[in-house]
Amino acid sequence: MKAKHQRLTLAVLAIVAVVGAALLAMSALKDQAAYFYTPSDAVRDGVQPGRAVRLGGMVADRSIVRAADGVTIRFVVTDGAQTVPVRYTGIVPDLFKENSGVVAEGAFVPGGGFVATNILAKHDERYMPPQVAGEMHKSESIAPAKGGRT
C-alpha cells in the first residue's frame with residue numbers, strides 16, 4: 001500500500017472515531033438535558049408528564065400562595081399568553097417575587113400543573129428569560145428629568 005493511501009485510510013479512521021465519540025457523548029447526555037419551555041411552548045408542544053424540563057417566565061401578579069407548612073409554595077408562571085400553575089417545596093431564593101423572572105426546574109404532572117424541584121430567580125432588575133423577553137419586551141424612551149441636562 002502506498003504512503004498516500006495509508007494517510008487517507010488513517011484520516012478516514014480518525015474522522016470515524018471522532019464522529020463515533022461525539023455520537024456516544026450525545027447519547028449519554030440526552031437523558032441529562034433539561035429543556036427550557038415557556039408556558040406557551042409547553043401548552044403547544046404538550047410536554048410529556050414526568051420528563052425533567054425547565055419552565056421559564058414571569059411570576060404572575062398576586063399568584064404566590066404559601067402553605068401552612070412554611071416550605072410549600074404555589075404560584076403561576078406566565079409568558080403573557082399562557083399560564084402554568086407551579087408547586088414547589090423548599091426555600092425560595094431571596095429574589096423570588098411576583099412580577100419577576102423565574103426558571104423552575106422540575107416536571108409537568110397530569111392535568112397541566114408543574115412540580116418544581118429547584119427555583120432560579122432573576123439576577124438583576126432587567127432579567128427575563130430570553131423567550132419571554134422577545135415576546136413581552138417593550139421599548140421605552142428615556143426622558144431627561146425636568147431642569148436637568150441631557
### Query
Shortest non-hydrogen contact from S40 to D79?
OG-OD2, 2.6 Å
### Query
Do any N or O atoms from the side chain of E98 and from the backbone of S63 form a donor-acceptor pair under 3.5 angstrom?
yes
#### Entry: Short side-chain to backbone donor-acceptor contact, D61 and N99, under 3.5 Å
no
### Query
If you take all heavy atoms of P39 and V84, which pair is closest and at what distance?
CB-CG2, 3.7 Å
### Query
Does CD1 in I91 sit with more than 12 non-hydrogen atoms of other residues, nucleotides or ligands closer than 6.0 Å?
no
### Value rounded to 0.5 Å, distance of CZ in F75 from CE in M58
12.5 Å
#### Entry: Joint cluster assignment, V103 & V115, ILVMFWY side-chain distance < 4.5 Å
no
### Task
Please confirm whether Y37 and F108 have ring centers closer than 6.0 angstrom.
no
### Task
Would you confirm whether T9, through its side chain, and H5, through its main-chain N or O, come within 3.5 Å as a donor-acceptor pair?
yes
### Message
With side-chain hydrogen bond (donor to acceptor under 3.5 Å, both in side chains) as the rule and sequence neighbours excluded, what pairs involving residues 86-96 come up?
### Response
T72-T89
### Query
Between D45 and V47, is there a donor-acceptor pair closer than 3.5 Å when you use the side chain of the first and the backbone of the second?
no
### Query
Quick one: CZ on R74 to CZ on R66, what's the gap to the nearest 0.5 Å?
14.0 Å
### Task
Applying side-chain contact (heavy atoms from CB on, under 4.5 Å), name anything that partners T83, two or more places apart in sequence or on another chain.
V76, T78
### Message
A side-chain contact here means heavy atoms from C-beta on lying under 4.5 Å apart; do P93 and I119 qualify?
### Response
yes
### Query
Closest heavy-atom contact between V86 and A116?
CG1-CB, 4.0 Å
